[in-house]
Amino acid sequence: MKRYNVAIVGATGAVGKELITLLGERKFPLKSLRLLASSRSKGMTMDTPMGPVVVEETTSESFDGIDVAFFSAGGSVSKQFAPIAVQSGALVIDNTSAFRLDPDVPLVVPEVNAEAVRHHKGVISNPNCSTTIMAVAIKPIHDQAKIKRIVVSTYQAVSGAGVKAITALEHESRSHLAGEPVEPAVLPYASAPTHHQIAFNLIPHIDVFDEMGYTKEEWKMVKETQKIMNCPEMAITATTVRVPVFRCHSESINIETERKLTASEAREILSQASGIKVVDDPEQCIYPMPAHLSGSDEVFVGRIREDNSIEKGLNLWVVGDQIRKGAALNSLQIVEYMISEALV
Ligand code: A2P
């Protein structure tokens with residue numbers, strides 16, 4: 001069996017660390033593993049399936065001899081180094097927004113559009129985490145009933161905003177409960193003109209606003225979903241909200257379809273779909289919840305019901321681990337698919 005020289009750019013970050021774990025868990029055929037980050041982490045040792053590996057600073061020479069390079073260190077790092085990695089002969093799986101809407105770059109969720117990988121020119125993009133989770137859940141419905149319109153609201157965990165946001169939720173919660181002043185400094189994002197408390201609060205603001213009043217995160221859900229589903233005419237509107245949950249994004253998804261699906265038909269279709277687990281027994285108070293699902297691979301769907309306000313509509317409640325399926329796992333599944341098809 002062929003073995004691969006793999007590099008992870010952003011190895012010390014949340015997604016990078018999860019990738020290292022997943023390479024071991026899924027027995028990825030590694031020949032070597034190079035861990036790359038900024039100069040801040042140079043020399044640090046991390047445990048990996050290949051034993052302890054010393055983290056190196058990312059440079060133009062980092063990609064010599066690399067077959068597959070996973071990038072998860074922010075858009076500017078990808079823009080700087082992904083072309084160099086491709087030039088060196090590596091396949092790049094990019095987990096940032098740098099190339100997602102580039103027509104020459106496939107944007108892939110294997111359960112939805114695995115075949116798109118065949119058109120790559122060196123870079124394949126992994127979608128935004130909320131987008132991936134939604135795409136897995138809606139694809140089987142779209143295949144059966146053609147989706148015309150989606151109204152989605154997200155409930156996004158703090159880990160999606162990095163390690164500092166996780167620490168902020170911990171510290172702010174402790175301060176609040178101790179009756180001490182809370183001093184927010186991280187959310188909605190580091191350079192924002194004002195910062196808001198996330199403990200015991202919700203922040204309806206992820207990334208920057210545009211002139212229409214939507215955030216970049218909301219537009220990602222619109223544009224990326226249309227691209228992944230190969231359906232530019234699908235009408236989508238989103239509201240993205242940060243919630244005081246450590247890990248797992250949740251989404252309330254309202255769907256209008258061309259053909260009517262009953263709730264039980266939708267439940268049946270979703271139960272058969274790959275990558276989805278239906279958790280839907282409201283009588284027994286059973287539905288997906290983020291606190292229970294951290295570390296899971298699947299996208300969980302519950303509260304499946306017909307929209308009472310229109311003739312052909314459904315409501316779904318969807319939860320997924322955004323660091324796993326929303327990022328690291330999806331990236332790895334792209335490469336696993338390519339290996340199975342002898343494309344890499
Ligand atoms: P470092 O730990 O050295 O800063 P997260 O989004 O979870 O905070 O992770 C970001 C990841 O991106 C980290 O691994 C971080 O490394 C890495 N990173 C940040 N800036 C750079 C850079 N200029 N070059 C390479 N890696 C970077």
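It should be emphasised that the depicted structure is a prediction, and the values quoted were computed from it without experimental measurement. Atoms within each ligand, like the ligands themselves, are counted from 1 in listed order.
- In this structure, the separation between NZ on Lys220 and OG1 on Thr131 is 8.0 Å, given to the nearest 0.5 Å.
- The pair Arg247-Asp321 meets the salt-bridge criterion, since a charged nitrogen lies less than 4.0 angstrom from a carboxylate oxygen.
- Between Ala14 and ligand 1, a contact under 3.5 Å exists for at least one N or O pair.
- Close contacts of ligand 1 with Ser41, meaning ligand atoms under 4.0 Å from a residue heavy atom, involve 1 (P), 2 (O), 3 (O).
- Of the protein's heavy atoms, at least one falls inside 4.0 Å of atom 1 (P) of ligand 1.
- At a 4.0 Å cut-off, at least one heavy atom of Thr58 sits close enough to ligand 1 to count as contact.
- Those atoms of ligand 1 with a heavy atom of Thr12 less than 4.0 angstrom away are 1 (P), 2 (O), 3 (O), 13 (C), 14 (O), 15 (C), 16 (O).
- A salt bridge links Arg324 and Glu25; the closest N-O separation between the charged side-chain nitrogens and carboxylate oxygens is under 4.0 Å.
- Using a 4.0 Å cut-off between charged nitrogen and carboxylate oxygen, Lys27 and Glu336 do not count as a salt-bridge pair.
- Near Ala11, meaning under 4.0 Å from any of its heavy atoms, are these atoms of ligand 1: 14 (O).
- One option in Gly10, Gly13, Ala73 has a heavy atom closer to atom 9 (O) of ligand 1 than any other, and that option is Gly13.
- Atom 6 (O) of ligand 1 has as its closest protein heavy atom Gly162 CA, 4.8 Å.
- A donor and an acceptor atom, one from each side chain of Gln322 and Ser159, are located under 3.5 Å apart.
- Of the charged side-chain nitrogens involved, at least one lies within less than 4.0 Å of a carboxylate oxygen, so that Arg118 and Glu341 count as a salt-bridged pair.
- For atom 19 (C) of ligand 1, the closest heavy atom belonging to the protein is Arg40 NH2, 3.6 Å.
- Nearest approach of Asn95 to Val15, heavy atoms of both residues: ND2-CG1, 3.6 Å.
- For ligand 1, the atoms sitting less than 4.0 Å from at least one non-hydrogen atom of Val77 are 21 (C), 22 (C), 23 (N), 24 (N), numbered in the order shown with element in parentheses.
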